[in-house]
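Below is one structure, written out as structure tokens; comments come after it.
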Amino acid sequence: MSFYCGVDIGSTWTKAVILGEEEKSDYTRALVRTGISFEAAALSARDEALARAKLAPEDITRTFSTGYGRMNAEFADGRRTEIACHAKGAFHSFPHPCHVVDIGGQDNKIIQLNASGAVEHFLMNRKCAAGTGSFIEEISRRLDIDMKRLEELAENATKEITLSSFCTVFSATEVIKLIREGENPENIAKGVFNAVVARVTEMGTLGGKVVLTGGVAAAFPIVAQILSKATGQEVFIPEHAQFTGALGAALEAKTSS
Amino acid sequence: MPKLESLKKMKELVAGHFTGLDAAAKDPARKVAWCTSVGPVELLRTFGFEVYFPENHGAVLGASRKANDYIPRANAAGYSPDICSYLTADVGAFLAGETPLTHGYGLQSVPTPDILVYNTNQCRDVEDWFAFYARHFDIPLVGINSPVQVGDVTDELVKTLVPQYEELIPVFERVSGIKFDIDRLREVMTDSAETSRLWGEVLGTMAHRPSPMTFFDTSVHMAPAVILRGLPEASDYYRMLLKELSTLTEANVSAVKNERFRIYWDGMPVWGKLRELSTFFNDVDASLVVSTYCNSWVFEAFDPSDPFNSMARAFLELFIARSDKAKEVIMAELCEKFSVDGVIYHDAKTCPNNSNTRYGLPQRLRERTGLPFTIVYGDLNDLRCFSEEQAKTSIEAFLEQIEGGRG
């Protein structure tokens, strides 16, 4: 029996996936905080995944790394960008022509896939992290509300607000203004998610089906609802959205020789 | 790529250019003009001016990674971080009383000018840039105010520009103390035309598969075409370089170790990252075989028998001054001639005129040619606007996309 490992070393979280010969949807996963050492995070995520799968490092036929820290995973046999891996992972879960929207900790990507899953075009956000996972973290800190509660609040919003700035810091200033004006936290919380979607839709046109991947999609399904409403498209979230890149890396490891 | 003998020669030429300028600036009998890189250099040389190019100084500041030491100084003096970072780096260095020419060529300062001459065919920033020095030195500031977004360069349009060139003559006569001599202008134009032709041939060698040079090499080799235009030394240099390049193409020597991808680089270099990006592209087997930036110093229109009309035409035909429709046609032709696999656009934060990403051109060119593209966000000089990590990820993903498309 052969096993393949994919490690996605992101700016905030490091994800590991182990696949066997059979491609089950409930593949082995592990998630660790990236912290200050990409190499240590990659090893830690892989080892945790190995432990869960009851495997040893030598049981893995091949490992591929992806994400910001992909070059730091020296134990990996190959490396692919997060664009290639999100494309591969998303197409595995949703094998149709589509636009993959990945909302990560530091950046957003839109990847256009054709009927065979090949990347036709991709876009990355410009340098500011507005509209990314870091943006949600920053605003929840400003609001002094646990991130996990943001979605619950947003669901009870009575008014649509959008934070319009391209800059996370300036968006935080907009939030302060809303607080000063007495806006209720529910509406502000919804505004945060509206802003996440607005930063994505202004990057490029989303035609056809949309697959939403990344940690933000996994933690806040409301983003998919808002994105669907904004684009008029059906938005599909893979079962383990945060692991899409790592899954793609594992699939790359499996198909590469 | 093997080290070329020509490079040694070019270093000598560039050193001679700066030390010559320094000597001229110190000699009351000689006159120094500062000119924009696509300004009326030929006309200035006719009057015996030694010509210095602040844009070249801007690039030297960028390449020596000094630009970010000086840009904040110009920002603080009222020159926005959003305007040309050649301007802000150059003005900032001037305000600091420093120049990399001291370390490189022993100059105590940039050569003091007697006149400033611009052409706004590149952008309006050059006029404001030179206006700073006109106020400081209290010297004449003259130039050509060129139309922008030029579509077809018609004879009628050319004719409207010619009087602006002619009006420079009395000013140049007064500052230089030399009478205008059209035969001397024809001689200078002959040298410029020859330099342009040879520089075009040099760039043409990159159509060979594998390419003997990349954009990173041509960004260096273009120096004589810019700063020595109108002088016979520039043509001599390119003859020497061409000879070496033909040996390389005959032997199929590749500039990158394994040319798997041939890429069009649109926009300016990131001067402070030339070495890193050159190494990176080499590592990922991609050769940047054509660029509109380096092609901008190929002036096909130069005609010594009709100097004023041809000068006006050549400077109107400049890529940066053209409409998006004209640019699309030019780029499509270059993509075909150089057999590229895709286009990388450098969107330079402080140079909107040299960033062809902002009005849908990449999408239209993709439709026209079927070639994929990606955009790298950065800047020519201001490294605060460039994320190396994000740029590299974007480029790597782009190459993966091209590879995937090959099946």
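All values below were derived from every heavy atom in this structure, side-chain atoms included, with hydrogens, water molecules and symmetry-related copies excluded. The chains referred to below are lettered A, B, ... by the order of the sequence lines, with proteins before strands, and numbering in each begins at 1. These figures come from a predicted structure and were not determined experimentally.
Crowding of A:Phe75 atom CZ: a count of heavy atoms from other residues, nucleotides or ligands under 6.0 Å exceeding 12. Crowding of A:Glu202 atom CD: a count of heavy atoms from other residues, nucleotides or ligands under 6.0 Å exceeding 12. Annotation for A:Arg33: atom CZ counts as buried by contact number, over 12 foreign heavy atoms lying within 6.0 Å. A 6.0 Å sphere centred on CD of A:Glu234 holds no more than 12 heavy atoms belonging to other residues, nucleotides or ligands. Within a 6.0 Å sphere centred on CZ of B:Arg124, other residues, nucleotides and ligands contribute 12 heavy atoms or fewer. For A:Arg142, the CZ atom counts as loosely surrounded, since its 6.0 Å shell holds 12 or fewer non-hydrogen atoms of other residues, nucleotides or ligands. A 6.0 Å sphere centred on NZ of B:Lys327 holds more than 12 heavy atoms belonging to other residues, nucleotides or ligands.
A donor-acceptor pair is defined here as one N or O able to donate and one able to accept, closer than 3.5 Å; no such pair exists between the side chain of B:Glu400 and the backbone of A:Val119.
Nearest heavy atom pair, residue A:Ile83 against residue B:Thr393, reads CD1-CG2, 4.1 Å. Scanning all heavy atoms of the two residues, the minimum distance from A:Tyr68 to B:Glu389 falls at CD2-CG, 3.8 Å.
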- Message: Before you tell me yes or no, could you show the steps for A:Asn125 and B:Gln390 under side chain to side chain contact (heavy atoms under 4.5 Å, CB included), namely the whole-Å CA-CA distance, both residues' side-chain angles and the distance that decides it to 0.1 Å?
- Response: CA-CA 10 Å; A:Asn125 64 321; B:Gln390 195 183 39; 3.9 Å; yes
- Task: Could you walk me through whether A:Glu120 and B:Arg366 pass the salt bridge (Lys or Arg N to Asp or Glu O under 4.0 Å) test, one step at a time?
- Result: CA-CA 11 Å; A:Glu120 292 268 293; B:Arg366 181 179 57 181; over 6 Å; no
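At least one side-chain heavy atom of B:Glu396 sits less than 4.5 Å from a side-chain heavy atom of A:Arg70. By the 4.5 Å heavy-atom criterion applied to side chains, A:His121 and B:Phe373 are counted as neighbours.
In this structure, CG on A:Leu123 lies 7.5 Å from OG1 on B:Thr374, to the nearest 0.5 angstrom.
Using a 4.5 Å cut-off between heavy atoms, A:Arg80 touches chain B through backbone and side chain atoms alike.
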